[in-house]
Amino acid sequence: MDRTTDLVHCASKVRDISANIDLYRQYISLEPEAPYVVEDCRPAPSWPQNGRIEFRDFTLRYREDLPPALDGINLTITPGEKIGIVGRTGAGKSTLVKSLFRLVHGTTSGTLLVDGQDIGAMGIGDLRPRLGIIPQESTMFRGSFKRNLDPLQEHSIEDMWAALIKSGIAPKVSGQQQLFSLCRVLMRMRRVIVLDEATADVDLETDRHMQQLIRSEFSDRTVLTIAHRLETIMSSDRIIVMDNGRIAEIGSPQELIDAGGHFAGLVKANDFGA
Ligand SMILES: Nc1ncnc2c1ncn2[C@@H]1O[C@H](COP(=O)(O)OP(=O)(O)OP(=O)(O)O)[C@@H](O)[C@H]1O
C-alpha cells in the first residue's frame, strides 16, 4: 500500500517537473524585447510634433513560415487626419496599428516613419510613451486611482480632474474602464492616438460620447480607429479597408460608398444609406 502511495507521489512529482520544463522552454524561446533606448537614435523630446505617419513598402510576418500579416503597405497619413480601419477578421487591422507601437513580434521589411523618424530604429522606451492608445481591454493595476490614471506621475491633480470631468467617467455605469483609458489619453494629449476596438464593449451611448469627445478634444491630432460599429468611423476623413494584409480600399466614406466595394456593402448591410 505504501509503495503504491510512493509511486503515485513520484508520478505527480514527475508531472510537476515536466510542466516546469515546458514552462522554462516557453520562456527561453520568447523573443527578447527590443532595446528600451537606442542612444544614437533618440528622437527629440518634442517628437512627434505633427503626427504624420508613413508606411513605406512595409511588410510584417509573425513567423517566417507564415504569410505576411501586412503585405507591402504604402500609406501616408497626414497630421490631424482621422482614419477609420475596417476589414474582415484576420485582415491585418490590429497588426497595422500595433506596428506603430512595435507591439508585434515578427520580421519586418520596409520603413515606418512618424514625423520623418524611423520608428524601427529607436528604442521602445522612446516610442511607446510618445503615442496614445485606447485598447479594447484597458489595463488596471493594484494601486490608487491616481496611480492608475497617471502611472509615470507626470501630471498635476488639476490635469487629472480636467480629464475626469471631460470624460464623464463619474456618472457612467458602463464602459468605466474604457473611459478610464480615454482619461489617460486626454491627460497626455499625444499627436498620434490609436483606438483599437476601444468601444467594442461599451454601450452605444458611451460609444457616441467617446467619439464626440475624441472629435472635439483631438481635432488636431492624428487618430486611427479600428471600429466594431460602423457608426464609430463614419465621420472619419478616410477609411481604410484591409484585406489579407493589404489595403484593399482607401478614401473618404462617400468615395468608398460611390465605388461600390466592400465598404459600400458594409454601409448597405448596416442600413446607413448612401
Ligand atoms: N501573434 C500572432 N502570431 C501569428 N499570427 C498572427 C498573430 N497575430 C495575428 N496573426 C495573424 O495575422 C493576420 C492578421 O491578424 P490581425 O489580428 O492583425 O487581424 P485583424 O484584422 O485585426 O483581425 P480581428 O478583426 O479578428 O482582430 C491573421 O492571419 C492572424 O491570424
Side-chain angles (χ1 to χ4, degrees), residues 22-23 25-34 53-75 77 82-112 114 119-120 124 127-128 131-139 175 177-178 181 192-202 204 207 210-211 222-234 236 238-251 253 256 261-267 269-270:
D22 279 351
L23 204 61
R25 276 207 190 109
Q26 277 177 29
Y27 277 131
I28 57 176
S29 67
L30 282 177
E31 277 183 52
E33 186 72 286
I53 300 168
E54 286 173 85
F55 288 83
R56 288 191 191 156
D57 212 11
F58 189 79
T59 293
L60 183 144
R61 280 173 201 275
Y62 282 96
R63 278 202 331 253
E64 283 305 325
D65 57 326
L66 291 175
L70 294 178
D71 190 2
I73 301 290
N74 281 297
L75 168 69
I77 299 171
K82 307 291 174 282
I83 300 283
I85 305 168
V86 294
R88 294 185 183 86
T89 184
K93 305 178 294 292
S94 285
T95 308
L96 187 77
V97 296
K98 283 182 183 154
S99 298
L100 273 171
F101 294 81
R102 301 208 358 237
L103 280 170
V104 278
H105 292 286
T107 51
T108 61
S109 62
T111 341
L112 179 38
V114 175
I119 65 150
I124 52 171
L127 169 68
R128 292 179 186 161
L131 311 174
I133 187 165
I134 307 184
Q136 184 172 358
E137 281 168 18
S138 301
T139 317
Q177 293 209 350
Q178 293 314 90
S181 288
V192 174
I193 293 149
V194 166
L195 283 85
D196 186 359
E197 300 263 21
T199 55
D201 297 328
V202 304
L204 190 57
D207 189 358
M210 286 177 69
Q211 294 313 319
T222 309
V223 183
L224 279 71
T225 306
I226 300 178
H228 171 74
R229 297 184 183 96
L230 206 52
E231 181 183 328
T232 315
I233 50 152
M234 281 310 276
S236 306
R238 282 193 295 168
I239 303 283
I240 293 172
V241 180
M242 292 297 296
D243 184 29
N244 223 0
R246 295 185 177 174
I247 295 176
E249 295 172 27
I250 184 164
L256 296 194
H262 178 78
F263 183 73
L266 281 179
V267 170
N270 282 271

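Sequence positions, counted from 1, serve as the residue numbers for this chain. Order of appearance sets the numbers: ligands from 1, and atoms from 1 within every ligand.
Salt-bridge annotation for Glu231 and Arg229: absent, with no side-chain N of the basic residue lying under 4.0 Å from a carboxylate O of the acidic one.
Between the Thr59 side chain and the Gly72 main chain, a donor and an acceptor come within less than 3.5 Å of each other.
Note: an N/O pair closer than 3.5 Å links Gly90 and ligand 1 by distance alone.
For ligand 1, the atoms sitting less than 4.0 Å from at least one non-hydrogen atom of Thr95 are 14 (C), 15 (O), 16 (P), 18 (O), numbered in the order shown with element in parentheses. Every atom of ligand 1 is numbered from 1 in the order shown, and the set under 4.0 Å from a heavy atom of Ala69 is 12 (O), 13 (C). For ligand 1, the atoms sitting less than 4.0 Å from at least one non-hydrogen atom of Ala91 are 19 (O), 20 (P), 21 (O), numbered in the order shown with element in parentheses.
Contact record, Phe58 with Ser99: CE2-OG, 3.8 Å, taken as the closest heavy-atom pair.
Remark: minimum distance from atom 21 (O) of ligand 1 to any protein heavy atom is reached at Lys93 NZ, 2.8 Å. Among all protein heavy atoms, the one lying closest to atom 22 (O) of ligand 1 is Ser94 N, 2.9 Å. Here the protein heavy atom with the shortest distance to atom 2 (C) of ligand 1 is Tyr62 CD2, 3.4 Å. Here the protein heavy atom with the shortest distance to atom 24 (P) of ligand 1 is Thr89 OG1, 3.6 Å.
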Leu266 vs Val241, side-chain contact (heavy atoms from CB on, under 4.5 Å): CA-CA, chis, key distance, verdict:
CA-CA 11 Å; Leu266 281 179; Val241 180; over 6 Å; no
Could you check Ile250 against Leu75 for side-chain contact (heavy atoms from CB on, under 4.5 Å), going step by step and ending with a plain yes or no?
CA-CA 10 Å; Ile250 184 164; Leu75 168 69; 3.5 Å; yes
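Looking at Leu66 against ligand 1, only its side chain comes within 4.0 Å, counting heavy atoms.
Ligand 1 lies within reach of Gly92, whose nearest heavy atom is under 4.0 Å from it. Ligand 1 has Arg88 within reach: a non-hydrogen atom of the residue lies less than 4.0 Å from it.
Within the 4.0 Å cut-off (strictly below), no protein heavy atom is located near atom 30 (C) of ligand 1.
With a 4.5 Å cut-off on side-chain heavy atoms, Met242 and Ile73 count as touching.
Heavy-atom contacts from other residues, nucleotides or ligands closer than 6.0 Å to CZ of Arg246 number 12 or fewer. Around the CG atom of Asn244, the shell of radius 6.0 Å holds no more than 12 heavy atoms that belong to other residues, nucleotides or ligands.
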